[in-house]
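Indexing begins at 1, ligand by ligand and atom by atom, following the structure's order. Note that these values count all heavy atoms, side chains included, but never hydrogens, waters or copies made by symmetry.
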Amino acid sequence: MRIIVIGGGVGGLALAQGLRRAGVGEVAVYERDASAKGRMQGYRLRVSPDGERALREVLPKPLQDLVVASSNYRREGALAAYDEKLEPLWAPSFTDPRGDSPDKIDAVDRATLRRILLAGLDDVVHFGRRFTRFEQRGERVVAHFEDGATDEGDLLIAADGANSQVRAQLRPADAAVDMGVRGILARTPRAKAIEAGLPELLQDRFIYVIGGDGQHLGLMPMVFREDPQQASARLWPGLRFEPTADYYMSVFSVHKEQLGVPDEEFFAMTGEELRELALKRTAAWHPDLRGIFAHADAEEVYPVGLRTTVPVVPWETGRIVPLGDAVHTMPPTGGVGANTAMRDAAVLARELTRVERGEATLAEAVTVYQTEMVGYATEAVQMSLKIAKWSLQVDLAEGQTPSHVSSV
Ligand SMILES: Cc1cc2nc3c(=O)[nH]c(=O)nc-3n(C[C@H](O)[C@H](O)[C@H](O)COP(=O)(O)OP(=O)(O)OC[C@H]3O[C@@H](n4cnc5c(N)ncnc54)[C@H](O)[C@@H]3O)c2cc1C
């Protein structure tokens, strides 16, 4: 079985790892980015119990240990909410089935995870290859790339994210819906923020600020348990990580109409302009909160738009199979998009293993995977939308359909 994976993001790479671990078929991953550095979609990823289980299922033990070693060092209290003047609103306690297990993966640095997911896949992942279209020839699928190259396989996996080109060709009506919320994503070095006086209560927890002015801020610490380069020397020598230090990821969110900046302008802004915009919009906020923007690295500030897939539907059972954001985009409010993509990877790898062993036909395996995926992905989207509705006062208007497609 030759399996072509379009997209070397979280989901595509997790699938390649799972297939490699199970010794299933011959895998080729095609990624448009020139290198492992990747696109900006957030710096820190919260890892849910389901996401952790999936990661452990697809990765060999030393790489699992490397994810643990380089994951976020979580101290106390899960989440605390404040208003824009830093008046406490509430601090709920959540029960995590993993408890306080010392090797629990609470959150990871996205770039670090991507490097770990690439480990051992040098002969599998092809960078700088932008997929343009596919063609079905009987039992085979041919993938075409921008540079004129082609590849042919038994299965084509659409793991090319929220703007999936594979989906655009096969199911153009399924594109994700714009939720009308715009975000400014920033990365602020932790040492700089603390030196500048970030109060202790904001230093180690997930902070959610609900502004009385309708604007919101999520602030998440990423404190490496161990430097990834150092941990890899011990656990999987030979991997190269970009030098990194502890940081805060922040997402400042506001309704599109309230932002007062047209999309064409907003999405063309430089990091410095976005940082200034956040500072301007929060002029009346507590200075300790504004410090997060003031000390952010200007070249690490990006615009984001919230989108969602409604509803999540299976694709025809055939040779083209969806995975991750390509089939279930969801707002980051639930912190489960990447976790769901990793779960897809684990389930699909498991099903394709059954095909390899002669326990199922390809059509049966794809049907089982899609049925399972649609079930848990629907729950994940609904949970993320519920939190978005509650926290950002955003809801999909009655009757809104995927024809409200945004290019954001
Ligand atoms: C601000 C923010 C914070 C988030 N935080 C979390 C979180 O804490 N936890 C969580 O679980 N999720 C989080 N998410 C969601 C998460 O980022 C996505 O759900 C996840 O990345 C989806 O994985 P994927 O593999 O499907 O797609 P992606 O990670 O988007 O990967 C798709 C890959 O395909 C490549 N590609 C695209 N088009 C082509 C093409 N034509 N040819 C070749 N390659 C192509 C892309 O370059 C990319 O590498 C967050 C999202 C945002 C925006």
Looking at R32, E146, R129, the heavy atom closest to atom 38 (N) of ligand 1 belongs to R32

What part of A162, side chain, backbone, both or neither, has a heavy atom within less than 4.0 angstrom of ligand 1?
neither

Whether the Y73 and D204 side chains hold a donor-acceptor pair (N or O, under 3.5 Å, no angle test) is what I'd like checked.
no

Flag F131 as yes when one of its N or O atoms lies below 3.5 Å from any N or O atom of ligand 1, and as no otherwise.
yes

Minimum non-hydrogen distance to atom 14 (N) of ligand 1, winning option of M330, R46, R110, R307:
R110

Part of F145 with heavy atoms under 4.0 Å of ligand 1, whether side chain, backbone, both or neither:
neither

Tell me if a side-chain donor or acceptor on H328 pairs with a main-chain N or O of T309 at a distance below 3.5 Å.
no

Is there a polar contact, in the sense of an N or O pair closer than 3.5 Å, between A338 and ligand 1?
yes

Hey, what's the ring geometry for W390 with Y208, parallel, tilted or perpendicular (30° and 60° as the breaks)?
parallel

Please identify which atoms of ligand 1 are closer than 4.0 Å to at least one heavy atom of R130.
41 (N), 42 (N)

Using a 4.0 Å cutoff against the non-hydrogen atoms of A159, which atoms of ligand 1 qualify?
32 (C), 33 (C), 34 (O)

Does H328 have a heavy atom less than 4.0 Å from any atom of ligand 1?
no

Can we say E31 and R114 salt-bridge, meaning some charged N sits less than 4.0 Å from an Asp/Glu carboxylate O?
yes

What are the atoms of ligand 1, with element, lying closer than 4.0 Å to any heavy atom of G11?
25 (O)

Quick one: do D151 and R129 make a salt bridge, cutoff under 4.0 Å?
no

Between D96 and K104 (salt bridge meaning N to carboxylate O under 4.0 Å), is one present in this structure?
yes

Contact partition for D33 relative to ligand 1, non-hydrogen atoms under 4.0 Å:
side chain

Examine the proximity of ligand 1 to R343 and report which part, side chain or backbone, both or neither, has a heavy atom under 4.0 Å away.
neither

Any N or O of L185 that comes nearer than 3.5 Å to an N or O of ligand 1?
no

Centroid-centroid under 6.0 Å between Y30 and F145 rings:
yes

Side-chain (Q229) to main-chain (L239) donor-acceptor, under 3.5 angstrom
yes

Note: ligand 1 atoms sitting under 4.0 Å from heavy atoms of G324 are 26 (O)

Using a strict cut-off of less than 4.0 Å between a Lys/Arg side-chain nitrogen and an Asp/Glu carboxylate oxygen, indicate whether D213 and R281 qualify as a salt bridge.
no

Any atoms of ligand 1 less than 4.0 Å from a non-hydrogen atom of R114? List them with their elements.
49 (O)

With nothing but distance in play, are any N or O atoms of G337 less than 3.5 Å from an N or O of ligand 1?
yes

Just heavy atoms, cut-off under 4.0 Å: does R44 contact ligand 1 by side chain, backbone, both, or neither?
backbone

Within the 4.0 Å heavy-atom shell around Y30, which atoms of ligand 1 are there?
43 (C), 44 (N)

May I ask you to check whether S164 and D160 show a side-chain donor-acceptor distance below 3.5 Å?
yes

Going through the checks in order, is the side chain to side chain contact (heavy atoms under 4.5 Å, CB included) test met by V251 and I184?
CA-CA 6 Å; V251 188; I184 297 176; over 6 Å; no

